Amino acid sequence: MARAPKNQQLTVAELGAIAHGPVVLSEARGRFLGLRSAVLYSSGLHLSVVVVGVGIYAEAMQRGHGGPFSFRVIDNTVTLLMPYGGRGEGNTEDRYYKESVFVLESVDSDELAIAAGWPGAGIEETVTRLRLPGVSELEMAIIPLP
């Protein structure tokens, strides 16, 4: 698999291959942390992670109580990308929303173990194991754009 370029910009010269669809990573009453998608590009596996809080939890999450949420791929290093247009934060008085994109520069296995949570906001860290299609199959499914 190709290594991500140093600037880690999402490539607009291709359509990535969907490696995994949405899955709840961890949740508690009024708080939710989930994986929107895992898409393979030639620059690496892009993991779109969403954190949502509603009601009384939204305000505390907006103020950053308990520090930031945690997200890691066990036995691998991920890099945080800046949110893209149309994503990012969408907070109101009673709703907290943040989407972040992480990049796993190389995928060596058909399984990823992800640890995610926000203990300071009451979302316990849990480990979720994702089964991915074969890496070679995914690489062949990437569509270059003209």
Side-chain angles (χ1 to χ4, degrees), residues 1-55 57-58 60-62 66-92 94-146:
M1 153 152 299
R3 301 297 269 169
K6 289 189 189 282
N7 67 6
Q8 298 265 313
Q9 294 299 313
L10 174 66
T11 179
V12 293
E14 64 189 24
L15 298 176
I18 297 173
H20 206 284
V23 63
V24 174
L25 299 173
S26 188
E27 66 181 315
R29 184 175 182 192
R31 293 149 290 177
F32 170 90
L33 199 155
L35 177 73
R36 180 182 299 283
S37 63
V39 179
L40 184 68
Y41 294 92
S42 59
S43 62
L45 184 67
H46 291 222
L47 303 155
S48 179
V49 178
V50 176
V51 180
V52 177
V54 294
Y57 305 104
M61 292 168 90
Q62 287 177 28
F69 70 91
S70 64
F71 177 85
R72 61 192 169 87
V73 176
I74 297 172
D75 297 329
N76 282 288
T77 301
V78 293
T79 305
L80 175 64
L81 272 179
M82 299 309 292
Y84 301 117
R87 296 183 184 175
E89 297 185 21
N91 301 327
T92 64
D94 62 346
R95 183 175 171 86
Y96 173 88
Y97 171 86
K98 182 173 184 170
E99 183 171 351
S100 301
V101 178
F102 295 85
V103 175
L104 180 59
E105 294 179 355
S106 64
V107 180
D108 303 328
S109 171
D110 295 347
E111 183 176 293
L112 287 182
I114 295 175
W118 194 350
I123 305 173
E124 293 304 317
E125 183 174 89
T126 59
V127 175
T128 304
R129 296 192 183 287
L130 304 178
R131 298 283 301 153
L132 306 176
V135 174
S136 59
E137 290 175 44
L138 286 171
E139 287 176 331
M140 291 184 337
I142 296 171
I143 300 171
L145 297 175

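What you see is a predicted model, and the numbers here were worked out from it, not measured in a lab.
With Leu45 as the partner, the side-chain contact (heavy atoms from CB on, under 4.5 Å) test is satisfied by one option alone out of Val39, Val135, Leu112, Leu138: Leu112.
Closest non-hydrogen pair, Arg95 versus Val52, comes out as NH1-CG1, 3.8 Å. Residues Val127 and Ala113 approach most closely at CG1-CB, 4.4 Å, considering heavy atoms. Smallest separation of non-hydrogen atoms from Leu47 and Ala38: CD2-CB, 3.6 Å.
If you take CG on Leu35 and CG on Leu130, they are separated by 6.0 Å, rounding to the nearest 0.5 Å. Rounding to the nearest 0.5 Å places CZ of Phe71 at 9.5 Å from OG of Ser100. In this structure, Asp108 CG and Ser106 OG are separated by 4.5 Å, a value rounded to the nearest 0.5 Å. Taking CG from Leu132 and CD from Glu137, the interatomic distance works out to 11.0 Å, rounded to the nearest 0.5 Å. Note that CD1 of Ile114 is 12.0 Å distant from OG of Ser70, once rounded to the nearest 0.5 Å.
For Tyr57 and Tyr96, the distance between ring centers is not under 6.0 angstrom. Between Tyr41 and His46, the gap from one ring centroid to the other is short of 6.0 Å.
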Q. Side chain to side chain contact (heavy atoms under 4.5 Å, CB included) between Val49 and Val101: does it pass, once the steps are laid out?
A. CA-CA 6 Å; Val49 178; Val101 178; over 6 Å; no

Q. Run the side chain to side chain contact (heavy atoms under 4.5 Å, CB included) check on Phe102 and Val73 step by step: do they pass?
A. CA-CA 10 Å; Phe102 295 85; Val73 176; over 6 Å; no

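You'll find the side chain of Val51 reaches within 4.5 Å of the side chain of Trp118, heavy atoms only.
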Quiz: residues 18-33 side-chain donor-acceptor pairs under 3.5 angstrom, not counting sequence neighbours:
residue	atom	partner	partner atom	Å
Ser26	OG	Glu124	O	2.6
Arg31	NE	Arg29	O	2.8
Arg31	NH1	Ala121	O	2.9
Arg31	NH2	Arg29	O	3.0

